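Basis for what follows: all heavy atoms, side chains included, without hydrogens, waters or symmetry-related copies. Naming: A, B, ... by sequence-line order, numbering from 1 per chain. For clarity, every value in this text was computed on a predicted model and none was experimentally measured.
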Amino acid sequence: MFTVIGSPGDRRVELFQAALHSLHLPAAEVIPYPTIADLTALPITPFLRIESPGKDPNAQRYLLGMNVDLPKGQLFNPYRWYCGLDMVMRRIEALRSPITRWMNPPEDILIMFDKWQCRTRLESIGIPQPRSLGPISGYEDLISKMRDARINRVFIKLTHGSNASGMIAYRTLGHQHQAITTIENGFSRLYNSRKLRTLTTHLEIALLIDEVCMYPTHAEEWIPKAAINNQVFDLRLVMIKGRVCQGVVRQSHTPITNLHLLNQRGDLDTVKARLRPGQWDAIVETSERVMTAFPNSLYAGIDLLITSDFRRHYVLEVNAFGDLLPGVLYKGHDTYTEEILAVLDDAPRHS
Amino acid sequence: MAISEHLRSFAGKSVVDWSPDEFDPQDPLNLDVFYRIAIGWDSESDWGYHFARFLAHPNVAQITGIVIGHWASDFDQRDSSPIVEALVNARLPHLKAIFLGDITYEENELSWIIQSDIAPLFEAYPQLEHLGVRGGEGLIFNVIQHAALKSLTVQTGGLDIRILQDLARSDLPNLESLELWLGTSGYGWNGTIDDVARFIQSLDRFPKLSALGLCDSEIADEIAQQIVNSTLLDQISSLDFSFGTFGDEGAEALINSPKTLKLKTLRLEHHFCSDAIVEKLGQLPIEVVIFNQRQPDTYDNQRYVLNGE
C-alpha cells in the first residue's frame, strides 16, 4: 500500500514499517536513493512517502555524486548535496504513477530544504520570522549588512544545511566578537562537531565565516529566546494534516538548541503554563498558517522560538523530515502512525 | 555561557516585566511584586523613556524594590551611568532592593555588560537593604559607608580586584550576605589567591556577615584551602562555591577541617568533585547542597567556570 524512498535499515524507515505493522498494514516497499536513477518506474502503490536518506553512506555518496568513502563528520558542500536531492526529487516526480499519492510532494521537500526559498515563501504569507540580512558572501559583507540593519547578533546558516550543520551564532559589540559554532575547521576543511565551540578572536571568526560563505549562506537576527529553569528553549512542532499534533521543547544552555547536540527535551506543559493568555493559541495559529504555504504536504516539523519576554514568537525553520519524534505520543499514536491514519482517512486529498 | 533566564524573584519577591505597552500609567502598581524595567532586543524607545513612564504610576513612591534589565539597544555600547543617575534622581522613598543588570546570556555576554560608578546609589538610598549587580566591566563601588545594606551580590565574568579592596575598607554594619562572582582572568579577574586571602581576613569588619559566596571562580579550590585556615568559619554559617572550578582538593580541605562543621549550609552548584568526594561531603552533618557535577573538558582537560565563555 505504501512505497518509501529511503534508506533500508535506517531508523526512520524501521519506525515507519513498525507503524504500518501496528495498524496491520503490509510492509512498505523501500526504494533506496542510489537505485532511483536506474529505475524505469516506481511501484504502483496508493501512497508514496519520501523519507530522509538518513546517515546511510551509500545514499549520502549518491546525493553528493562522489563515489568515495566520506570522512566522518566532514562538512561537504551542502549545495552539491541539495543538487543531488533536487535530481532525485525530479526523477521521483517523473516516475510516479498518476494513481500514487504523495504524502509530501517533491517540490515542497525541495523548498523546505532550501532555507532561503522557504523563508521567502513564508514571508509572502506574513509569517513572523527573525529579520533577515539576506544571502551573505563573506565576513565583510556580513558586517556591512549588520551595520546597515543595526543588528549586532546573528545566526549564520548554510542555506542548504540540515540540523545544526555549519551553524554559527555570531555577535559583536564595540571591539568585541564572539562566535558559537558546531564547526571545527582545519586546513580548509570544515567538520561538524557535536560539541559547540566559542571563538572570541576577531580574525579567527572572520576566517571561519569566510570559509562557510564558500557555500550559499544567509544570516538572520539572533533573537533572545525564552528560558525555563535557566535554559533557553525553542519548540519543534510536528504538523500533520495542517494541525499541530505533537511538540517537544528543545532546551539548551547554548543558543543552538538542535536536539542531537546533546541538548535536553523539556516539558511542553511547563512551557504552556508559562505562556501569556492566548499565546499558545497564537502559536498554533501561526503554525497552521505555515502549513498553508505547503497545502500538498501532509506533515512537517516547524521550529519556533518564543522571545525572552514571552511576548512574541517567530518561526525559525520548516523541516521536511522533521516529523521524527521517537517516543512522543499524541492521542496514543506516534507521528508515523498518525500520518498513516491521516492519509488513509483523507485519500482524495492529493489527487 | 549560562545565565539564560531573567530573575523570577529577588529579595523575596516575584519579579514581573513592566512595559509601556502593557501598563497604563494611570493604574496603580502591584506592590507585592518587583517590576523589571528593561528594553527589548528590538525596542524602538530607550530605557529612559520606559523608566519615566514607570515613574508616572500614581503609587510608584510606594515600591520597595526594582529590577533593571537590558538598558542599551543592541548597537549602543552604553554603560549603566544614565541608569544609576535616573535611579538617584527618582528618589523612591521606600526603595530597599535594587538589581542592576538582569541581562541574560543571549541579550548580552556577561563580560560585555558595562557598568559604572554605582556609589551614588548608596548615597541616594540610605534605606537600601539589597543590591545586586551583574557585569564587572566598568563597575566601581568606592569605599561604601552604608548602615542598612543587608545583602550584596556582584555577578561578573571577572571581578576587578579594586572591588575587593574597596569592600575590605567599607563599613557595612548590617551586611549579612555577600556573594561575589570572581570569574576568570580571561574576563577581568586580576586577583591572586593572596588578594583573596587578605580579603577574607578583612571580613570580620562586617559583624553580621553570615553568608558568603565566592562563586564562579577559577581558583575555588585554593580559596577553600585558605578559608579553612582563617577565622571566617567562626563567623559565617553559609558558604557558597557554586559555578566555579571547585573540586576534590577544595572539598578535602573542607572535609578535613573541624571548622567546617560550624557551617549550616555549604552550596556547590556546578562542581568537579569525584563521586567518592561527593559522598563524603554528603556525610557531613551540615546541609550540603551539591549538584551539577561536571567533568573537565574532553578536549583540553580543563575545568571551566559556569559563567565563562
Side-chain angles (χ1 to χ4, degrees), chain A residues 128 130-131 146-155 169-180 184 193-201 221-234 251-257 262-263 266 274 276-277 305 307-312 314, chain B residues 1-8 15-19 21-22 36-44 69-70 72-79 102-114 135 137-138 157 184 186-188 242-243 269-270 292 294 297-300 304 306-309:
Chain A
R131 276 190 295 164
M146 286 172 72
R147 210 174 287 131
D148 292 347
R150 290 185 59 78
I151 289 176
N152 80 334
R153 208 172 28 217
V154 291
F155 272 105
Y170 167 68
R171 58 179 161 185
T172 175
L173 189 63
H175 63 281
Q176 301 165 110
H177 303 268
Q178 184 189 57
I180 300 155
E184 299 260 15
S193 167
R194 285 172 70 86
K195 187 183 145 64
L196 286 181
R197 291 196 309 146
T198 300
L199 312 180
T200 54
T201 310
E221 184 170 24
W222 164 4
I223 296 173
K225 292 181 276 296
I228 286 181
N229 298 329
N230 204 32
Q231 290 190 306
V232 295
F233 69 87
D234 58 24
Q251 283 184 305
S252 177
H253 286 294
T254 75
I256 299 178
T257 55
L262 311 173
N263 291 320
R274 279 290 295 279
R276 289 161 184 251
L305 80 72
T307 55
S308 59
D309 55 8
F310 283 87
R311 287 203 178 99
R312 274 167 290 169
Y314 293 90
Chain B
M1 48 177 97
I3 303 169
S4 296
E5 192 172 12
H6 287 130
L7 292 177
R8 299 198 69 197
V15 178
V16 298
D17 284 313
W18 184 91
S19 112
D21 312 332
E22 291 179 43
R36 175 173 26 249
I37 316 297
I39 57 169
W41 49 275
D42 61 341
S43 188
E44 300 282 328
H70 205 26
S73 74
D74 276 356
F75 248 76
D76 293 335
Q77 198 176 16
R78 191 182 297 174
D79 70 26
D102 183 15
I103 297 166
T104 64
Y105 163 74
E106 285 203 316
E107 286 175 328
N108 203 0
E109 180 59 71
L110 178 58
S111 62
W112 295 6
I113 299 170
I114 307 179
E137 181 71 32
T184 61
Y187 294 93
S242 292
F243 318 141
E269 174 182 351
H270 174 96
N292 282 357
R294 312 305 293 252
D297 189 274
T298 47
Y299 285 64
D300 57 15
Y304 284 100
L306 183 63
N307 299 290
E309 277 167 36

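For A:R171, the parts lying under 4.5 angstrom from a heavy atom of chain B are both the backbone and the side chain. Contact of B:R36 with chain A is not made at all, since no heavy-atom distance falls under 4.5 Å. Residue contact with chain A, scored on non-hydrogen atoms closer than 4.5 Å, involves the backbone and the side chain of B:N108 alike. Only the backbone of A:Q231 comes within less than 4.5 Å of a heavy atom in chain B; its side chain stays farther off.
For the atom pair A:D309 CG and B:T104 OG1, the distance stands at 10.5 Å (nearest 0.5 Å). Once rounded to the nearest 0.5 Å, the distance linking OG of B:S4 with CD of A:Q251 reads 10.0 Å. Of the inter-residue distances, the one linking B:E109 atom CD with A:T200 atom OG1 reads 9.5 Å to the nearest 0.5 angstrom. Distance NE2/B:H6 to CG/A:N230: 11.0 Å, rounded to 0.5 Å. For the atom pair CH2 of B:W41 and CZ of A:R153, the computed distance is 8.5 Å after rounding to the nearest 0.5 Å.
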>> If you apply the rule side-chain contact (heavy atoms from CB on, under 4.5 Å), what do you find for B:E107 with A:S308, and how did you get there?
In response: CA-CA 9 Å; B:E107 286 175 328; A:S308 59; 3.9 Å; yes
>> Does B:E44 form a salt bridge (Lys or Arg N to Asp or Glu O under 4.0 Å) with A:R150? I'd like the steps, not just the answer.
In response: CA-CA 12 Å; B:E44 300 282 328; A:R150 290 185 59 78; over 6 Å; no
>> What verdict does the salt bridge (Lys or Arg N to Asp or Glu O under 4.0 Å) test give for B:D42 and A:R311, after you've listed the backbone C-alpha separation in whole Å, the side-chain angles of each residue and the deciding distance to 0.1 Å?
In response: CA-CA 12 Å; B:D42 61 341; A:R311 287 203 178 99; over 6 Å; no
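Nearest heavy-atom pair, A:L173 versus B:W112, reported as atom, atom and distance to 0.1 Å: CB-CE3, 3.6 Å.
Looking only at side-chain heavy atoms (C-beta outward), B:Y105 and A:P255 come within less than 4.5 Å of each other.
Here A:R276 pairs with B:E22 under the salt bridge (charged side-chain N to carboxylate O under 4.0 Å, His left out) rule; sequence neighbours left out. Take A:N229 and apply the side chain to side chain contact (heavy atoms under 4.5 Å, CB included) test, not counting sequence neighbours, and it matches no residue.
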